[in-house]
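Scroll down for the structure; my scribbles are underneath it.
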Amino acid sequence: MKILVIGGGGREHAIAWRLSLEGHDVYAAPGNPGIAQVGQVLATSDYLAVAESVQPDLTVVGPEIPLAAGLADQFRAKDLLIFGPSQEQARLEASKIHAKDFMRRTGIPTARFVRAESEQAALDALKEFDFPVVVKADGLAAGKGVIIAHNRAEAEDAVRALGPLLVIEEFLQGEEVSFIVISDGKNVIPFEATQDHKTVFDGDTGPNTGGMGAYCDGRILTGADTQRVLDNIIQPAVEATGFTGFLYAGLMMTADGPKVIEFNVRLGDPETQPLMHRLRGGFGETLYGAARGNVNHAGLTWKPEPSVCVVLAAAGYPGQIRTGDAITGIDAATALDNVQVFQAGTKIGPHGLETSGGRVLGVTCSGSDLSSAVRSTYSAVECIHFEGMHYRRDIAQKGFKRWRG
Ligand code: AMP
Ligand code: GLY
């Protein structure tokens with residue numbers, strides 16, 4: 001099939017890599033230098049024009065911004081087959097107030113909350129919560145619209161920084177899990193659960209980022225928990241919305257069971273990198289079926305080996321970043337057994353491949369067990385260099401801690 005991938009980050013490189021391994025003819029817009037090695041890149045964000053000229057059999061969308069802007073509706077209006085939610089369905093991610101009202105209405109378990117539409121309402125609402133309390137901006141904020149406030153002064157600062165449209169909610173305790181499904185509007189196929197690492201420094205410290213690394217291992221959720229998530233969270237959400245696309249429930253596994261921290265209407269980044277590494281086949285065909293409202297349950301097959309992705313970030317990330325640093329060692333890393341280096345914030349500059357974004361590369365590998373996957377991934381990381389490069393050294397360690405007892 002001819003498949004157009006929308007986006008230009010590490011998630012989209014992983015999607016494009018997987019689809020090209022399956023023999024599909026991959027196009028991408030705006031793409032990146034890594035994607036250019038597995039498909040044809042059209043460096044534009046006029047996605048509709050690209051699709052009209054390429055005439056793909058299927059378009060797959062990576063990021064949330066075009067979905068929230070109604071890209072899937074525009075494609076469907078032109079009879080172009082696209083896998084992704086409508087603008088209305090994308091509000092599950094684009095508006096936290098909408099998402100929380102939706103969960104309350106449909107009985108989907110989530111943190112207790114109050115919606116506030118003015119600074120004064122938010123300050124009043126704070127009285128109903130203990131500390132820490134979570135303050136969330138309503139709109140899309142690339143992971144930067146959430147503040148966990150530990151006292152009244154921090155909470156007031158958060159309200160002023162993020163307001164006036166806010167969700168104030170109870171702080172949930174537990175393990176965070178990313179649970180993503182392919183939905184055709186009625187039926188879903190779940191991916192293996194993954195775990196992201198949101199903060200910039202080891203031990204879950206420092207400011208939040210888009211995600212510093214993720215791993216995929218069959219032990220992250222038990223079969224019983226997976227079923228609970230499907231029955232109590234995913235199916236009610238799909239039934240109420242007719243959702244078509246990747247539906248991502250960011251979960252907190254609390255003592256009272258799984259609760260939704262947030263819905264995303266797309267694949268996670270970097271969760272996609274270990275997921276694509278672990279897939280054995282059937283991705284393109286499954287998405288094609290799902291986009292036509294007829295997902296084939298037998299289509300997607302998995303390798304048993306756990307997989308790991310470590311994100312290499314640019315100097316300054318997640319704050320003010322430096323760009324234009326030369327990147328070396330990707331070839332040496334990929335020469336190692338089973339390693340893929342997915343590119344995110346890269347560009348071709350005067351000296352070859354250079355940094356151009358906060359999250360630069362996602363070094364990804366699998367192994368016979370999680371420890372060996374982690375070891376191999378970090379061996380590959382050591383081959384790579386750019387000025388100011390930093391990364392977490394504890395990706396997947398929380399899994400080990402939990403399973404040891
Ligand atoms: P969100 O953008 O809603 O996913 O929030 C970003 C991050 O903030 C999450 O990945 C969690 O680590 C944290 N967070 C958000 N909401 C809560 C909550 N109610 N309780 C605890 N942590 C939260
Ligand atoms: N890694 C978290 C996200 O994609 O939202």
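Both counts, for ligands and for their atoms, begin at 1 and track the order of listing. Worth saying up front: this structure is predicted, and the values here are computed from it rather than measured.
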Cut-off 3.5 Å, side chains only: do E262 and N264 have a donor facing an acceptor?
yes

With a heavy-atom distance limit of 4.0 Å, tell me whether V134 approaches ligand 1 through its side chain, its backbone, both, or neither.
side chain

Is it the case that the side chains of Q195 and E176 hold a donor-acceptor pair, with the cut-off being a distance below 3.5 Å and no angle test?
no

Any atoms of ligand 2 less than 4.0 Å from a non-hydrogen atom of N264? List them with their elements.
5 (O)

To which of D204, T199, V167, I261 does the heavy atom nearest atom 15 (C) of ligand 1 belong?
I261

At less than 4.0 angstrom from any non-hydrogen atom of F171, what atoms of ligand 1 do you find?
20 (N), 21 (C), 22 (N)

Could you say whether the N/O atoms of D196 and ligand 2 ever approach to under 3.5 Å?
yes

Please state whether the rings of H98 and F102 are parallel, tilted or perpendicular, taking 30° and 60° as the class boundaries.
parallel

May I ask you to check if R393 and Y391 form a cation-pi contact, with NZ or CZ under 6.0 angstrom from the six-membered ring centre and within 45° of the axis?
yes

Any ion pair linking R91 and E93 (charged N to carboxylate O, less than 4.0 Å)?
no

Have a look at T110, V133, V146 and point out the one with the heavy atom closest to atom 5 (O) of ligand 1.
V146

Any carboxylate oxygen within less than 4.0 angstrom of a Lys/Arg side-chain nitrogen, looking at R228 and D231?
no

Tell me whether Q173 reaches ligand 1 (any heavy atom closer than 4.0 angstrom to a ligand atom).
no

Hydrogens and angles aside, do T194 and Y215 bring a side-chain donor and acceptor to less than 3.5 Å of each other?
no

Using a strict cut-off of 4.0 Å, indicate which atoms of ligand 2 neighbour a heavy atom of E271.
1 (N), 2 (C), 4 (O)

Heavy-atom contact check, 4.0 Å cutoff: does P270 meet ligand 2?
yes

Report yes or no: does G211 have a heavy atom closer than 4.0 Å to ligand 2?
no

Taking only heavy atoms of K136, which atoms of ligand 1 are found under 4.0 Å from at least one of them?
3 (O), 15 (C), 16 (N)

Heavy-atom nearest neighbour in the protein, as seen from atom 5 (O) of ligand 2, with distance rounded to 0.1 Å:
R266 NH2, 2.9 Å

Between D138 and S95: side-chain donor-acceptor atoms closer than 3.5 Å:
yes

Identify, by atom number and element, the atoms of ligand 1 in contact range of K96, meaning under 4.0 Å from any of its heavy atoms.
1 (P), 2 (O), 3 (O)

For G268, the ligand 2 atoms with a heavy-atom partner under 4.0 Å come out as 4 (O)

Taking only heavy atoms of K198 into account, list the atoms of ligand 1 that are under 4.0 Å away from them.
10 (O)

Output yes when E175 and R402 qualify as a salt bridge under the 4.0 Å nitrogen-oxygen rule, no when they do not.
yes

Can you confirm if the aromatic rings of F75 and Y47 lie within a centre distance of less than 6.0 Å?
no

Checking contacts here: is it the side chain or the backbone of N208 that comes within 4.0 Å of ligand 1, counting heavy atoms only? Could be both or neither.
side chain

At less than 4.0 angstrom from any non-hydrogen atom of G210, what atoms of ligand 2 do you find?
1 (N), 2 (C)

Hydrogens and angles aside, do Q340 and W17 bring a side-chain donor and acceptor to less than 3.5 Å of each other?
yes

Under 4.0 Å from a heavy atom of E169: give me the atoms of ligand 1 that qualify, with their elements.
16 (N), 17 (C), 18 (C), 19 (N)

Touching ligand 2 at all, R11? Heavy atoms, strictly under 4.0 Å?
no

For R104 and T110, test the side chains for any donor-to-acceptor distance below 3.5 angstrom and give the result as yes or no.
no

State, without any angle test, whether D196 and S178 hold a side-chain donor-acceptor pair at a distance under 3.5 Å.
no

I want to know if ligand 1 touches I148 in the polar sense, i.e. an N/O pair below 3.5 angstrom.
no

Below 4.0 angstrom from a heavy atom of M252, which ligand 1 atoms are there? Numbered from 1 as shown, please.
21 (C), 22 (N)

